[in-house]
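In what follows, a structure is listed as structure tokens, so that the remarks can point back to it.
On a predicted model such as this, the values are computed, not experimentally measured, just so you know.
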Amino acid sequence: METLLSLLSQIWASHAVLIITAIKAVLVAVTLLQVVPLMVWLERRGSAVMQKRLGPNRIGPLGLFQGIADGVKALFKEDNPPAHVFKFYYRLAPVVSLIPAYMTFAVIPFASSIAIGEHTISFQVADLNVGFLYIFAIASLGVYGIIMAGWSSNNKYSLLGSLRSSAQMISYELSLGLSVVGLLMIFSSVRLGDIVRQQGELLVQLGPLSIPKWGIFIQPLGFLIFLVSAYAETNRLPFDLPEGESEIVAGYHLEYGSMHFALFMMAEYINMTVAAALTATLFFGGWQMLPGLPALQALLTQNLGLVGTLADLLRVLFELGSFVAKTAFFLWLFVWVRWTLPRFRYDQLMDLGWRVMLPLSLANIFVTGILIYYKVL
Amino acid sequence: MENQKPHGEFGLPPSENYTITVDVPERDHDPDDLWKDSRVFVNIGPTHPAMHGALRMCARLNGETIEKSYCEFGYTHRAKEKLGENRTYHNFIVYTDRLNYCSALINNVTYAMAVERLMGIQVPERAIWIRMICSEMARVIDHLICVGVNALDLGAFSFFLYGFHQREEAYTLIEKLCGARLTTSYTRIGGLMQDAPSGWQKDVKSWVARTREVVREMDQLLTNNRIWCDRTQGVGVFTKEQCMKYSYSGPSARAAGIDRDLRRDQPVMFYRNVEFDIPTGKNGDVFDRYMVRMAEIHQSLNIIAQCADKIQPGPVWSEDKRVRIPDKGVVFNTMEGLIHHFKFFMTGFEVPPGEAYTTFEAANGELGFYIVSKGGPRAHRMRIRGPSVWHYQGLSEMSQGAKIADMVANLGSINIIAGELDR
């Protein structure tokens with residue numbers, strides 16, 4: 001027993017960082033997995049509220065376990081690929097679209113760091129120095145899964161869907177990337193941790209109202225372009241052309257069934273979560289507390305008499321809550337928009353991407369540059 | 001010349017229903033061009049989520065643009081017109097429900113009017129008022145479905161369900177009349193199956209008020225939406241001339257500026273006694289068809305409100321012994337009544353020789369029943385003019401050179417109902 005303990009402490013001593021990172025990675029992955037059934041529930045109940053319906057309300061309280069039931073159903077369905085598909089790519093495609101969706105979340109910080117013993121734990125799986133360049137690199141991998149699915153399905157509608165999606169994702173990736181360049185210039189860093197920390201600074205004091213240096217306040221146009229492009233990147237209405245259920249049936253996942261189809265759905269929802277978290281991180285201060293919360297936190301710390309690590313834990317809890325609240329709001333926005341707007345046509349989408357979004361994002365960079373030169377920002 | 005071949009390039013057997021009308025200009029092809037004939041040929045339908053019923057469009061695509069297409073129908077053919085020659089006049093009422101199943105009541109009414117004209121039967125006033133309310137209610141239902149599904153095909157789901165909810169409310173009112181919601185079979189030759197329950201007018205009026213609200217809400221949700229305007233304005237333009245060429249009628253023709261509505265131009269029932277406007281469009285695009293339908297919903301609601309005010313108590317069935325089904329009390333208690341009842345259902349009633357064509361402004365356009373009688377309880381010939389047949393012929397020309405997504409918008413906007421199209 002003692003030897004085991006000493007062995008463990010030895011391992012801890014030599015590999016502490018590795019172990020902490022592994023725990024964080026597992027936690028984030030598991031949490032993201034839980035977001036999927038929750039989002040399915042939110043989507044269905046949310047749309048029901050908007051449309052005077054009830055939505056799924058049978059399984060669990062308020063129908064909350066509907067997602068689990070759906071998952072179980074998908075798992076038990078026969079996996080029966082049609083005879084005319086290229087089996088290898090057909091099976092690979094859902095995995096290829098799911099994994100990049102997961103990987104993106106690695107660099108998003110969800111709370112500030114905390115000191116336990118001699119270790120400082122940052123609440124971010126990997127604080128990469130390439131920051132959101134990594135996000136764009138990984139996010140553009142997602143399109144391969146869709147192209148593979150469309151091509152390997154050997155179906156004309158699937159092919160049309162994947163053609164649409166590759167064109168769409170490439171066009172909007174451009175404006176998505178360019179829309180945050182202004183932010184990058186202001187904060188002089190691509191590390192998401194740095195960006196969030198700097199957003200805590202005060203921008204301007206308007207009487208009792210203190211405006212923090214959140215991305216939305218210093219880059220309003222960038223935020224709009226980012227939001228629209230994020231919708232296009234995640235293939236959500238009004239940009240859900242790759243699926244376009246009434247035009248090209250279901251697009252790239254037309255030939256998929258059982259868990260293969262469920263993997264595509266999971267990829268879509270995780271992509272949405274990442275997009276929402278990224279919007280919150282870049283433009284809404286990430287884990288920076290919502291207005292009013294710092295005072296509450298100070299009050300609680302004082303009244304409970306918390307010191308040291310415990311006080312830090314309370315702070316992290318508040319930051320985590322703020323981050324989750326912001327992300328949840330943008331997730332709800334995804335649902336909200338989906339059930340309100342009609343869909344674009346393919347050529348209108350391309351027009352918007354190349355003729356509106358791209359020039360606007362370039363102009364945004366230009367104006368930001370001038371403002372920085374004259375020390376306004 | 002590759003493109004001059006009439007049917008060969010689709011690699012399909014020739015068909016009666018080709019509607020290829022515009023020739024694609026011959027392109028200069030490089031003789032070594034490997035991609036020369038690599039245009040994608042797709043079947044849109046008969047099982048496709050955007051196809052309302054089993055319709056089929058064969059299209060040759062260049063990218064997403066439809067270069068050439070033809071439409072086929074007949075997948076839901078049930079030989080209704082032939083059935084009309086093998087069933088008694090009374091039996092045929094239920095078949096009329098299944099023509100345009102979105103507005104079954106209008107079909108019931110129009111068919112009953114055709115047989116009544118043939119027999120020279122006068123229908124009691126109250127029955128006519130109820131028939132008018134039913135027709136207009138069916139029109140509202142049909143238009144709500146049409147604009148809703150059109151928007152649904154373009155991705156606006158909530159808009160569709162708002163209308164759908166109000167449609168269900170209307171069906172509840174219709175259920176109070178005849179016990180059925182979709183396939184009503186409410187009219188009888190010479191009258192109606194039964195009288196409206198007491199207080200029905202009041203329910204109708206409150207439904208009218210609610211529906212006005214909902215339609216206004218729907219209008220606010222979609223009409224000025226930029227995406228919706230971009231998707232519909234200038235899309236699927238069908239000019240006045242084209243509409244005449246294809247014999248368009250109803251809202252689709254009015255959207256192109258053809259000011260023709262049979263309710264005003266050939267008034268039947270009491271349409272002279274109610275006030276309503278005929279909305280017309282200018283451009284004949286998907287947006288105008290949508291706007292005309294939205295405006296017509298309001299006009300129909302006005303008509304319903306006026307009818308509900310003017311309706312008086314009274315009989316709902318002609319006293320003519322030929323067509324009046326004897327009351328159950330008479331049937332169960334008297335020998336004569338029982339025989340009358342038996343003869344009515346087993347052999348049907350005699351219709352004098354002659355022919356009659358009755359048209360009425362149905363929700364989709366001009367609906368007509370042409371009946372030739374040579375005496376006896378069955379029609380010698382029964383022909384139906386379903387407006388969808390004419391509208392569907394134009395789809396191919398309307399979608400020439402458009403994107404697939406536009407084709408879907410076009411199809412939704414002319415409201416093809418497969419039951420009426422194939423019969």
Side-chain angles (χ1 to χ4, degrees), chain A residues 43-44 46-55 150-151 154-168 228 231-232 235-251 254 335-352 355-356, chain B residues 39-45 47-52 59-61 63-66 148-166 168-169 214 217 220-223 225-235 286 290 402-409 411-412:
Chain A
E43 178 110 49
R44 294 179 63 184
S47 66
V49 166
M50 289 181 213
Q51 297 165 346
K52 287 195 213 164
R53 297 185 286 117
L54 286 174
W151 181 254
N154 197 5
N155 177 313
K156 287 165 188 166
Y157 286 113
S158 298
L159 190 62
L160 275 175
S162 66
L163 280 176
R164 279 176 172 195
S165 105
S166 44
Q168 174 183 334
V228 173
Y231 278 66
N235 294 336
R236 294 280 297 187
L237 259 165
F239 304 101
D240 72 335
L241 299 164
E243 286 161 42
E245 92 187 15
S246 59
E247 297 147 24
I248 48 171
V249 195
L254 173 58
V335 175
W336 194 357
V337 167
R338 171 169 178 186
W339 298 104
T340 310
L341 293 181
R343 179 186 302 128
F344 275 100
R345 198 173 62 205
Y346 180 63
D347 54 328
Q348 292 168 349
L349 177 91
M350 285 299 161
D351 262 12
L352 185 73
R355 301 230 298 252
V356 180
Chain B
R39 302 285 182 254
V40 176
F41 176 81
V42 289
N43 275 308
I44 307 171
T47 51
H48 185 283
M51 284 297 178
H52 306 166
R60 197 176 64 175
L61 303 182
E64 291 226 357
T65 311
I66 297 176
V149 172
N150 197 1
L152 173 68
D153 283 345
L154 304 189
F157 196 60
S158 295
F159 177 85
F160 164 66
L161 280 179
Y162 287 0
F164 214 75
H165 186 85
Q166 218 46 38
E168 289 301 319
E169 297 289 315
V214 170
E217 201 178 338
Q220 284 166 356
L221 183 64
L222 203 60
T223 306
N225 185 307
R226 179 66 194 274
I227 302 175
W228 172 254
C229 292
D230 282 354
R231 283 299 306 272
T232 53
Q233 283 173 352
V235 169
V286 175
Y290 159 79
K403 302 270 186 290
I404 296 185
D406 286 341
M407 192 281 293
V408 172
L411 180 72

Rounded distance (nearest 0.5 Å) linking atom CE of Met50(A) with atom CG of Leu221(B):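 Separation between the atoms: 11.0 Å.
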
CD1/Ile227(B) to CD/Gln348(A) distance, rounded to the nearest 0.5 angstrom?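 Answer for the CD1-CD pair, Ile227(B) versus Gln348(A), is 9.0 Å.
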
Any heavy-atom pair between the side chains of Ile44(B) and Tyr157(A) that's under 4.5 Å?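 Counting from C-beta outward, Tyr157(A) and Ile44(B) do come under 4.5 Å.
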
Non-hydrogen side-chain atoms of Leu160(A) and Glu64(B) separated by less than 4.5 Å: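 The answer is yes; the side chains approach within 4.5 Å.
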
Tyr162(B) portion near chain A, given a 4.5 angstrom heavy-atom threshold: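 Only the side chain of Tyr162(B) comes within 4.5 Å of chain A.
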
Closest approach of Arg231(B) and Phe344(A), non-hydrogen atoms and distance?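 Smallest heavy-atom distance, with atoms named: NH1-O, 3.5 Å.
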
Indicate yes or no: does Asp230(B) engage Arg345(A) in a salt bridge with an N to O separation below 4.0 Å.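 No, this pair does not count.
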
Flag the one option from Gln51(A), Lys52(A), Arg53(A), Lys156(A) with the top tally of heavy-atom pairs under 4.5 Å to chain B.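 Looking at each option in turn, the highest pair count goes to Gln51(A).
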
Could you tell me which residues satisfy ring-ring contact (aromatic ring centres under 6.0 Å, His included) with Phe159(B), sequence neighbours excluded, listed by chain and number?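 Residues passing ring-ring contact (aromatic ring centres under 6.0 Å, His included) with Phe159(B): none at all.
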
Salt bridge (Lys or Arg N to Asp or Glu O under 4.0 Å) partners for Glu168(B), two or more places apart: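 Salt bridge (Lys or Arg N to Asp or Glu O under 4.0 Å) list for Glu168(B), sorted by chain: Arg181(B).
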
Quick check against the 3.5 Å criterion: does Ser158(B) have a side-chain atom that pairs as donor or acceptor with the backbone of Trp339(A)?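 Side chain of Ser158(B) to backbone of Trp339(A), a donor-acceptor pair under 3.5 Å: yes, one is there.
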
